[in-house]
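Worksheet for the structure shown next.
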Number of protein chains: 2
Amino acid sequence: MIRVGILGYGNLGRGVESAIRQNPDMELTAVYTRRAPESVVLQSKEIPVYAVEELVNHKEKIDVLVLCGGSATDLPKQTPEYAKYFNVVDSFDTHAKIPEHFKTVNAGAKEGGKTALISIGWDPGMFSVNRLYGNVILPEGRDYTFWGKGVSQGHSDAIRRIEGVKDGKQYTIPVDSALEAVRRGENPELTTREKHLRECFVVAEEGADLERIENEIKTMPNYFAEYDTTVHFISQEELTRDHSGIPHGGFVLRSGVTGFNKEHKHLIEYSLKLDSNPEFTASVIVAYVRAAYRMNQEGLTGCKTIFDVAPAYLSPLSGEELRKNLL
Amino acid sequence: MIRVGILGYGNLGRGVESAIRQNPDMELTAVYTRRAPESVVLQSKEIPVYAVEELVNHKEKIDVLVLCGGSATDLPKQTPEYAKYFNVVDSFDTHAKIPEHFKTVNAGAKEGGKTALISIGWDPGMFSVNRLYGNVILPEGRDYTFWGKGVSQGHSDAIRRIEGVKDGKQYTIPVDSALEAVRRGENPELTTREKHLRECFVVAEEGADLERIENEIKTMPNYFAEYDTTVHFISQEELTRDHSGIPHGGFVLRSGVTGFNKEHKHLIEYSLKLDSNPEFTASVIVAYVRAAYRMNQEGLTGCKTIFDVAPAYLSPLSGEELRKNLL
C-alpha cells in the first residue's frame, strides 16, 4: 500500500481523495489544511484532517504527499519546502516559471533524498508529453494545441471583477474550422483569434448597464480583446442550473512529413474531453504518485517532470503483465 | 553523432534510412543485407551496403543497430543474436509472442551489456503506450482500439492467394458509428463485425469466375468471414494508379469515470492518420534509437519495451530545454 497525504482541500484535493479510492494499491493517510481542521469535512469520513503545522511530524506515515495548492503563491513555497521531507507531486501550471520552480524543488528534494514530480496534470502534463512524442517522431512538422470546450477559471474571475457583474462563467472554445485545417495537413499559421472563441455567461446586478459590461468584457486586453467574444446575460438560476460544472478538454496535434522527398504527410492527434477538469487532473496526479513512490525506491531522487517518468512506473501491473496485456 | 546501422532493406529499412536524415544528431553508417550487396541500391548513394556476414565485424562502428526484418521468422532469431553485440531496436509485432521474444532478447542483451528495445512502432508502440496512459489515469474505464483506414498487408496477401486473382489490396476501415458511440461515452460492447469493415480491390485474371472469387474472399475464416466485406473488381491500371500507397492509422480510446459517485465521464483519444505506414513506423523507431543509445550510456542494459523508456530519452533537447519549451 502506498500511503498518500494531501495538502490543501479544494477542488483538486477532493479530486485526489476521490481518485485514490479508484486505485486499490493506495490509501489516503490524512488531509492537511491551513484552515481550522474541524471545519474541513471530507467525503471519506474515517480519514483525519490535521493542521498543516502537523505535517512534518507525520513524515514517517506518508509515502507521497500531494500538494493541492495554487501555482501563484502556494506551490512556489510549499513544494521546495516539503520535498525535503516527502516524496511529492504537484501540478504547478505557470508554464513560464517552471524552470525556476524546478530549480528550487530540486534543491529541496536532493537535500532530503526525496523524489519530487512537478507540473503533473494535463497541461502541463499529458499535453506536454504528447507534444514531446509528436516532436521526436515527426521532427519536421508543426505543433498545435487547442483548449476547450471548457471553463477557464481565470477568465471567469476577470468577468466577475467588472462593476455591475454578480456572477459569470467563461468557456474557451476551439474554432472548428481551424482544427479541421490542421487535420487536413494544411499547416495553417493561426492567430490567437483564429484558434479560440470565448463565450461568456454573465449574471448582472439589478439595474446594471448591460451595454457597458458587454463592452468592458469584449475589450479587456489579454483576456478577451484578442478573441471573438460573445456575451450572454442570464439569470443566477440559469447560471447555477446550466453552468455549474467544470468541464474542459482540448487537442494536441502534430502534423509532419516523412520520405526522401517529404512526400508523405502524417497527423498525430491527442484529445481530452473531460466532465471535470479538477478530477481528471487529480487522476493524472494519482498515477504519478505511484511513479514517485517507485522511483524513490529505486534511488531516482531530485526533481523530475512528466518527461522523466518511464510509463511503466505508472501502472500497478508488473513489467511482465504490461508486456502481455497492453503492449 | 549517433552512428546507426540498418539490417534489412525493405520498406521499413528504407523508412529508417529516410528518417535518419531528419534527425541531425544521427548518421547512417551502413546497410546490411542477406541479398547480394551490389544488388541493393540505397537512396543515400554514399552509404555502403554490406553482406550480413560482415555485421559483427563492424560492431565498433555502430552505436545502434535497427533490425528491419519480419516478425514471423527474422526477428525471433536476429534480435537475440545481435543484441549480444549491438544496442538494437526492432519492431517485433506478433503481440502474442512478445513475452517469449522479450526473454530471449533480454538474455542476449544482458550477455553483451547492451540495450535492446523491442516492439517499437505504432501498434505495438505508440498505441500501447497510450493504452497504458489511459488505463492508469482512468482505472475505471474501457479501452477501445480501432485500426484504419489503412492497407493490411496480411489481408491483401490472403486475397492474392485465391485462384484467379492476379493482384489485390485490402483496406481495414473503422466503423464510424461505433467510434462515435465510444466518443459519446456509451461504453458499447462491440463485436468484431461492429468495429471494422473490410474493403477489397481485386484484379482478376482474364476469364476468372468473379462470383466464386468474391464468395471465397467473403467467407474466408479469420480474415474476412467475421466482417462486413465489400469486393470491387478493378483493372490492374486502376489498382496501380489508385491503390499503390501504404496508408494506415487508427484510434486508441479510453473512456472512464471519476468522482465519489462516478458521476463524471472522461474520454482520452489518441489517433494517427498516416500516408505511409512503414515510414511512420520507421520514424518512431529512429526516435527510440536515440533512447537506446542514451539508456545504454547510463547503464540501463537488457531488453526494454516502450513502457520502460522515459520520454526525455527520445529528444535531442536537454532536460532544461524540454522544460522550457515543451512542458
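Quick caveat, the model's predicted, so the values are computed rather than measured. Order of the sequence lines sets the chain letters (A, B, ...), proteins ahead of strands, with each chain counted from 1. Basis for what follows: all heavy atoms, side chains included, without hydrogens, waters or symmetry-related copies.
- A salt bridge does not link B/Asp275 with A/Lys265: every distance from a Lys NZ or Arg NE/NH1/NH2 to an Asp or Glu carboxylate oxygen is 4.0 Å or more.
- Residues B/Pro76 and B/Thr104 fail the side-chain proximity criterion, which asks for heavy atoms closer than 4.5 Å.
- With a threshold of 4.5 angstrom between heavy atoms, A/Ile98 approaches chain B through side-chain atoms but not through N, CA, C or O.
- Per-residue counts of heavy-atom pairs under 4.5 Å with chain A were compared for B/Arg21, B/Glu263, B/Lys262; the largest is that of B/Arg21.
- Counting heavy-atom pairs under 4.5 Å between each of B/Leu253, B/Asn130, B/Leu272, B/Asp308 and chain A puts B/Leu272 at the top.
- For the atom pair CE (A/Met295) and CG (A/Leu300), the distance works out to 5.0 Å, reported to the nearest 0.5 Å.
- When A/Arg290, A/Arg254, A/Glu140 are compared by the number of non-hydrogen pairs under 4.5 Å with chain B, A/Glu140 comes out ahead.
- With a 4.5 Å cut-off on non-hydrogen atoms, B/Phe127 does not touch chain A at all.
- Among A/Tyr133, A/Phe251, A/Tyr270, the residue with the largest count of heavy-atom pairs under 4.5 Å with chain B is A/Tyr133.
- The closest side-chain donor-acceptor pair between B/Arg294 and B/Thr115, if any, does not fall under 3.5 angstrom.
- When only modelled atom types and interatomic distance are considered, A/Ser255 and A/His266 share no side-chain donor-acceptor pair under 3.5 Å.
- B/Tyr9 carries B/Arg14 over the face of its six-membered ring, with the cationic atom under 6.0 Å from the centre and within 45° of the normal.
- With respect to chain B, the highest number of heavy-atom pairs below 4.5 Å among A/Pro124, A/Ser271, A/Gly259 belongs to A/Ser271.
- Most heavy-atom pairs under 4.5 Å with chain B, from the set A/Ser276, A/Ala287, A/Pro139: that is A/Ser276.
- For B/Arg183, the part lying under 4.5 angstrom from a heavy atom of chain A is the backbone only.
- If you measure heavy-atom distances from A/Phe280 to chain B, the contacts under 4.5 Å come from both the backbone and the side chain.
- B/Leu138 touches chain A through its side chain: at least one heavy atom from C-beta onward sits under 4.5 Å away, while N, CA, C and O do not.
- Side chain of A/Thr305 to backbone of A/Phe307: a donor-acceptor contact under 3.5 angstrom is found.
- Looking at heavy atoms from C-beta onward, A/Ser119 lies out of side-chain contact with A/Ile306 at the 4.5 angstrom threshold.
- The contact between B/Phe102 and chain A is made entirely by side chain atoms (from C-beta outward), counting heavy-atom distances below 4.5 Å.
- For the side-chain hydrogen bond (donor to acceptor under 3.5 Å, both in side chains) test, residues two or more places apart in sequence or in another chain that qualify with A/Thr79 are A/Asp90.
- Of residues 314-327 of chain B, those residues lying under 4.5 Å from chain A by any heavy-atom pair are B/Leu314, B/Ser315, B/Leu322, B/Arg323, B/Lys324, B/Leu326, B/Leu327.
- Side-chain atoms of B/Gln43 and B/Ser18 form no donor-acceptor pair, as typed in the model, at a separation below 3.5 Å.
- Contacts of B/Val309 with chain A are made by backbone atoms alone, with heavy-atom separations under 4.5 Å and no side-chain atom involved.
- Between the side chains of B/Gln22 and A/Thr258, not a single donor N or O lies within less than 3.5 Å of an accepting N or O.
- For the pair B/Met26 and B/Val286, the minimum side-chain heavy-atom distance is below 4.5 Å.
- Contact count versus chain A (heavy atoms, under 4.5 Å) is highest, among B/Asn135, B/Val129, B/Asn23, B/Leu132, for B/Leu132.
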| request: Would you sort out whether A/Val105 and A/Phe92 count as a side chain to side chain contact (heavy atoms under 4.5 Å, CB included), showing the intermediate values? | output: CA-CA 11 Å; A/Val105 174; A/Phe92 183 79; over 6 Å; no
